[in-house]
Amino acid sequence: MPENYTDPSGNTEAFRAFAHTSEPAAPAAAPSRLPMIVGAAVVAVVLVAVAVWLAVA
């Protein structure tokens with residue numbers, strides 16, 4: 001803990017100030033990873049198809 005940390009339970013005024021502070025905003029939702037997964041699957045299918053085509057030809 002930093003040296004300048006004040007325990008809010010130390011006195012009534014500090015506790016009231018601590019109790020009345022608002023909660024920090026929730027972090028934004030992470031973007032969906034579904035498009036990246038689908039894209040990777042499509043690339044894998046294309047690479048397998050090219051490898052099969054080269055092996056047959």
Side-chain angles (χ1 to χ4, degrees):
M1 278 192 248
E3 289 290 325
N4 59 356
Y5 176 76
T6 304
D7 182 16
S9 66
N11 63 32
T12 303
E13 182 182 354
F15 177 75
R16 286 182 180 162
F18 172 78
H20 290 299
T21 57
S22 61
E23 300 253 341
S32 175
R33 296 179 64 179
L34 183 63
M36 184 173 59
I37 294 169
V38 170
V42 169
V43 168
V45 168
V46 168
L47 288 176
V48 168
V50 168
V52 168
W53 180 72
L54 288 174
V56 171

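- Considering only residues two or more places apart in sequence or on other chains, Val56 meets the side chain to side chain contact (heavy atoms under 4.5 Å, CB included) condition with Val52.
- Taking Leu34 as the reference, Ser32, Val38 meet the side chain to side chain contact (heavy atoms under 4.5 Å, CB included) condition, with sequence neighbours excluded.
- Leu54 and Leu47 end up in different hydrophobic clusters when Ile, Leu, Val, Met, Phe, Trp and Tyr side chains are linked at under 4.5 Å.
- Residue Val45 is not grouped with residue Ile37 when hydrophobic side chains (ILVMFWY) are merged at heavy-atom distances under 4.5 angstrom, including chains of intermediate members.
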